[in-house]
Amino acid sequence: MGLCKRKSSPPVEITRADDGKIRLKREIGLIHGVSIIIGVIVGSGIFVSPVGVLSHVHSVGLSMVLWTVCGVFSALGAICYAELGTTIPRSGGEYIYILEAFGGLPAFMCLWINFICIGAVANAANSLIFATYILKPLFPECDPPEIALQLVATVSITFLTAINCFNVKWAAKMAIVFTVAKLAALALVIVVGFIYMGKGRTQYLTNTFEGSNYSVGPFALAFYSGFWAYAGWNYLNFLIDELQNPKRNLPLAIIISLGTVTVTYLLANVCYLTVLSPAEMLESSAVAVLFADRTLGVMAWIMPVFVACSVFGTMNSEMLSMSRVFYCGAKEGHLPSIMAMINYKWLTPAPSVIVLMFMTLIFQYCGDIFYLIELSGFAFAVVMCAALGVLIFLRITKPHMSRPIRLPLAIPIFLFFWTLFIVFLTIYQQPMESLIGIGIFLSGIPVYLLGVTWSKKPKAFTNLTDKVTIVFQKIFMVVYPDKEIVD
């Protein structure tokens with residue numbers, strides 16, 4: 001691991017760019033940023049199983065309160081990330097913030113967690129969910145064959161890899177298209193729900209707090225379920241180097257997207273209850289599909305397609321964002337140097353995108369993908385805790401740093417301790433699974449010691465890695481960023 005020494009000239013012939021250098025372009029505007037955040041947050045959850053909160057608090061009214069609280073909490077966390085992103089305006093998200101504040105090993109641990117437990121795992125699960133719902137209209141009476149699921153999932157990831165390798169603007173525009181599709185699906189649920197409400201179907205919306213469970217344990221678990229439904233608001237921080245006017249557009253994109261998602265989630269949950277009883281929602285594995293079956297008649301097939309489009313958009317946004325984390329880690333010498341390079345023609349970090357693709361394909365064939373999804377959620381809580389710790393640490397140790405956004409210190413302190421509580425709650429509720437996750441996290445320490453801090457590697461080894469790197473440079477036509485172009 002670590003960056004190889006840069007050669008005096010790139011191993012491929014290239015043409016001159018406008019400024020004579022190769023670098024990522026700022027092609028992501030405000031609308032693209034909003035679409036990326038909404039594209040990651042609104043995946044399959046609100047369509048497939050928006051009942052995690054309801055199952056714990058036992059009442060419609062209290063579940064709506066929790067959905068609102070989770071939205072506000074997520075918005076506050078996102079604004080904290082906006083402060084970090086405008087104070088340290090570099091791509092890479094939490095990895096870069098931890099590197100700036102605490103140094104190499106803690107930053108590498110964050111990178112390792114993202115590399116192993118978050119990006120590829122989520123994309124693998126989403127690709128299989130996408131395949132399930134895109135094939136559902138073809139197999140209305142049974143589950144799609146396993147081979148068909150794997151084939152469609154593999155093709156979807158490969159297609160997204162090609163798009164993200166060739167053109168960042170295409171990937172950003174795709175985020176807009178699929179964000180519109182998933183909001184259209186939710187709008188369909190909301191419109192139909194209001195029509196039924198107008199017909200007097202409000203029996204499940206009366207006495208909404210009856211039977212509420214106010215116990216601390218279930219209440220905390222309900223918050224946990226709701227909070228993860230909003231996960232993904234941090235992904236735009238991974239793309240600061242490609243975001244136009246980040247000091248303005250980052251906080252605006254966060255505020256617009258979180259506000260939109262919170263209102264939409266609340267309306268969708270209310271409208272589900274105009275057709276389905278709370279008991280039916282709790283028993284259903286795909287609430288939106290059941291809702292469509294009850295209300296849309298012969299057009300019910302459109303909902304599985306909408307769900308598939310929603311998940312596909314999430315996959316695209318995750319691939320666009322997470323590949324930049326790997327790219328930034330490689331630039332700092334914490335991942336193989338080939339991942340620190342960008343394609344000289346398309347100006348995209350193609351090797352990082354391709355590595356993410358291969359990791360995703362590997363996880364697609366794991367037996368227990370749902371445990372891996374839970375692991376990625378636990379991993380994000382740990383990473384978020386560390387990022388909030390950076391914000392508090394920098395406020396105390398470097399009070400005079402330039403901060404375009406400056407929140408009251410009480411907000412990140414409160415969020416830090418509440419997120420820490422979520423982490424310990426997870427360990428308490430699932431001790432064995434959490435210990436396995438912690439073991440995976442800690443496995444990054446020997447990798448760091450061998451790959452990063454061990455500077456006196458055998459010459460034969462370094463010569464071999466240099467040759468392999470040059471071969472991959474020629475295959476992917478990539479060079480180091482900011483490389484002067486040779487005529």
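What's counted below: heavy atoms across the whole structure, side chains too, no hydrogens, waters or symmetry copies.
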Margin query: A side-chain contact here means heavy atoms from C-beta on lying under 4.5 Å apart; do Val311 and Tyr133 qualify?
Written below: no
Note to self: Using side-chain heavy atoms (C-beta onward) and a distance below 4.5 Å, is Asn316 in contact with Phe178?
What the structure shows: no
Checklist line | Set of side chain to side chain contact (heavy atoms under 4.5 Å, CB included) partners for Ala379, sequence neighbours left out | finding: Ile113, Cys117, Ile118, Phe441
Note to self: Going by salt bridge (Lys or Arg N to Asp or Glu O under 4.0 Å), name the pairs with one or both residues in residues 248-271, residues two or more places apart or in two chains.
What the structure shows: none
Next item on the list: State whether the side chain of Trp112 and the backbone N or O of Ile445 hold a donor-acceptor pair below 3.5 Å, judged by distance alone.
Entry: no
Notebook entry, point to check: Can you list every side-chain hydrogen bond (donor to acceptor under 3.5 Å, both in side chains) pair that touches residues 97-111, not counting sequence neighbours?
Noted result: Arg90-Glu100, Tyr97-Asn237
Next item on the list: Would you please name every residue forming a ring-ring contact (aromatic ring centres under 6.0 Å, His included) with Phe424, sequence neighbours left out?
Entry: none
Check: Between the main-chain N or O of Gly119 and the side-chain N or O of Asn123, is there a donor-acceptor pair closer than 3.5 Å?
Finding: no
Check: Of all residues at least two apart in sequence or in a different chain, which pass the ring-ring contact (aromatic ring centres under 6.0 Å, His included) check with Phe417?
Finding: none
Notebook entry, point to check: For Leu84, does its backbone N or O pair with a side-chain atom of Thr87 as donor and acceptor, under 3.5 Å?
Noted result: no
Note to self: Below 30° counts as parallel, above 60° as perpendicular, anything between as tilted: where do the rings of Tyr265 and Tyr230 land?
What the structure shows: tilted
Next item on the list: Give every residue pair that meets the side-chain hydrogen bond (donor to acceptor under 3.5 Å, both in side chains) criterion with at least one member in residues 386-401, sequence neighbours excluded.
Entry: Glu83-Arg395
Notebook entry, point to check: Any idea which heavy atoms bring Ala120 and Phe363 closest together, and the distance?
Noted result: CB-CD1, 3.7 Å
Margin query: Quick check: closest heavy atoms across Leu258 and Ile41, and the distance to 0.1 Å?
Written below: CD2-CD1, 4.1 Å
Next item on the list: With the side chain counted from C-beta on, respond yes when Asn234 and Phe380 share a heavy-atom pair under 4.5 Å apart, and no when they do not.
Entry: yes
Check: How are the rings of Tyr448 and His334 set relative to one another: parallel (under 30°), tilted (30 to 60°) or perpendicular (over 60°)?
Finding: perpendicular
Checklist line | Nearest heavy-atom neighbours spanning Pro278 and Tyr204 | finding: CD-CD2, 3.9 Å
Check: Would a 4.5 Å heavy-atom cut-off, applied to side chains only, mark Pro351 and Val478 as touching?
Finding: yes
Margin query: Using 30° and 60° as the class boundaries, would you call the ring planes of Phe421 and Trp418 parallel, tilted or perpendicular?
Written below: tilted
